[in-house]
Amino acid sequence: MNLELLTKLGSCRWKIKRISPMNTDAVIFADEKILHALDDKTVSQMRDVASLPGVVGPVCIMPDAHSGYGFPIGGVGAFDPEKGVISAGGVGFDISCGVRTLTTGLKKHHLKEVSEKLADSLFKNIPSGTGVGGKLKLTNNQMDEMLSGGASWAVGQKMGFPDDLRRIENNGVFRQADPSKVSKKAKQRMIDQLGTLGSGNHYLEVQYVEKIFDEQTAKAFGIAENEILVSIHCGSRGLGHQIATDYLPLMVKSAAKYGIKLPNKDIACAPIKSSLGQDYLKAMGAGINCALANRQRITHLVRNCFADILPKADLKLLYDVSHNTCNREEFLINGHMKTLYVHRKGATRALGPNSPELPHEFKKYGQPVIIGGSMGTSSYILAGTTASAELSFSSSCHGAGRVMSRTKALKSFKGKNIQDRLNLNGIIIKSGSIRGLAEEAPKAYKDVERVINVAEQAGISKIIARLKPIICVKG
DNA sequence: ATGTTC
């Protein structure tokens with residue numbers, strides 16, 4: 001991008017020039033290398049978000065940002081409940097896509113003899129791939145209960161323990177959900193997909209803690225060097241996708257009626273207070289609950305696999321973070337606490353120490369922020385900071401972020417070569433799709449270390465631990 | 001991301 005349009009606000013924090021019709025500032029979290037690589041479309045999408053009615057600044061993009069449908073991926077946009085809007089493109093197609101990490105109580109050496117067997121069991125028992133379903137078929141009633149109750153419903157169905165819920169945003173249930181606002185078609189697509197990974201960048205990894213950067217916080221999070229962890233990255237499958245597909249055209253069509261001048265149609269939105277805005281909010285909430293229940297059921301299946309092969313393992317939920325949401329939260333604005341609707345699209349909520357929502361054992365340290373690296377590279381656990389409330393509406397980055405489109409990656413890499421290289425590095429990779437491996441090649445992504453270092457230098461997160469993969473199951 | 005071009 002053109003750096004002349006930027007003002008440096010602080011370390012790794014830049015403001016782009018405010019031009020008409022922007023209603024508020026737009027801020028980029030990046031170092032100079034990331035800035036140079038940032039494409040103009042991402043910046044113009046930020047400007048579009050900052051031009052919407054009722055926006056409360058700053059609109060931000062995270063160091064892993066790139067352009068998306070309407071809103072940038074890696075973008076944060078907060079809106080006033082009275083004058084503001086909610087946008088289906090601001091949440092994205094994979095509603096509440098996110099990551100949860102489990103601790104196991106095992107060390108690296110416990111896996112030595114059984115890693116192949118464990119990899120086979122995980123690949124066999126956790127269905128993955130496009131359009132792939134699982135063994136559980138939901139009745140209409142179960143579907144509606146799941147969409148209202150999220151992970152809390154799943155725990156009630158014996159897919160986990162009540163203690164799991166304390167370690168999930170909003171205690172595992174988005175309360176503004178209403179399954180009646182979700183189309184039959186969306187529900188139909190989900191009937192047999194609960195407890196499945198999906199495809200694309202979704203994965204299930206068995207990892208070990210390679211390095212701890214902050215001993216005290218790591219201890220509070222329940223992790224130590226060489227500890228085995230399991231991370232699950234997936235979302236709301238066909239259901240969330242269908243909700244976005246259903247509501248986007250309705251928002252495009254109604255914009256004029258609500259007096260909203262859309263900077264472009266991809267950024268379609270509706271006033272939060274309007275009937276369409278409320279309907280979308282309730283449908284999106286059902287999508288969030290679907291993703292939370294999905295990750296909860298996968299956790300249950302993973303626990304069963306470990307119980308068979310490593311009965312000593314004790315799989316506890318460290319934390320579950322969502323990446324694609326619009327969440328109602330409180331922030332201090334001009335000296336007053338104010339409720340805002342915060343869109344995070346490809347961005348992670350990252351609450352600082354003493355946030356009321358955190359479980360008591362994390363209060364002193366901030367929220368665990370889980371950063372999934374690209375396939376075969378490092379992942380990170382960070383912690384939220386106090387400063388992020390003011391800097392980024394308590395948000396941080398979510399992953400490495402693509403630098404290469406799927407199409408370009410397919411042309412540039414061969415899945416088989418990628419698989420061989422990972423195996424040479426001692427990583428067991430299980431995937432039903434060789435093509436998918438090429439699309440997810442590590443070189444199609446930004447350097448995750450650079451991304452998290454920017455997040456730390458800018459003050460929106462603190463680096464706690466680095467994780468390395470041992471087993472990777474891909475869709 | 002996605003029953004990968006309803």
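All chains are named by letter (A, B, ...) in the order of the sequence lines, taking the proteins before the strands, and each is independently numbered beginning at 1. Predicted model only: the values in this text are computed from it and were never measured.
Rounded to an integer number of Å, the gap from A:Phe93 CZ to B:dT4 C1' is 13 Å. As rounded to whole Å, 15 Å separates atom P of B:dC6 from atom CG of A:Asp246. Regarding A:Met190, its CE atom lies at a distance of 13 Å from the C1' atom of B:dT2, rounded to whole Å. If you measure from atom CZ of A:Arg435 to atom P of B:dT4, you get 11 Å, rounded to the nearest angstrom. The distance from atom CD1 of A:Ile73 to atom P of B:dT2 is 13 Å, rounded to the nearest whole Å. Atom-to-atom, CG of A:Asn294 to P of B:dT2 comes out at 10 Å; the value is rounded to the nearest Å. Atom pair A:Gln188:CD and B:dC6:C1' shows a separation of 16 Å (rounding to whole Å applied). Here the P atom of nucleotide B:dT2 and the CG atom of A:Leu239 are 12 Å apart, to the nearest Å.
Considering only residues two or more places apart in sequence or on other chains, A:Lys430 meets the salt bridge (Lys or Arg N to Asp or Glu O under 4.0 Å) condition with A:Asp120.
Among the atoms of the strands shown, none is found under 4.0 Å from any heavy atom of A:Glu439. Using a 4.0 Å heavy-atom distance criterion, A:Gly235 is classed as making no nucleic acid contact. Using a 4.0 Å heavy-atom cutoff across all strands shown, A:Lys345 reaches no nucleic acid atom at all.
Listed pair A:Arg237 / B:dT2 meets the phosphate criterion, a side-chain N or O lying under 4.0 Å from OP1 or OP2. The side chain of A:Ser199 places no N or O atom within less than 4.0 Å of a non-bridging phosphate oxygen (OP1 or OP2) of B:dT4.
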Result block: side-chain N/O donor-acceptor pairs under 3.5 angstrom for residues 63-73 of chain A, not counting sequence neighbours:
unit_1	atom_1	unit_2	atom_2	d
A:Asp64	OD2	A:His398	N	2.9
A:Asp64	OD2	A:His398	ND1	2.5
A:Asp64	OD2	A:Gly399	N	3.0

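Residue A:Ser121 comes nearest to A:Cys305 through the heavy atom pair OG-SG, 3.3 Å, listed as atom of the first residue, atom of the second, then distance.
With respect to A:Arg303 and A:Asp164, a salt bridge is recorded, a charged nitrogen being found less than 4.0 Å from a carboxylate O.
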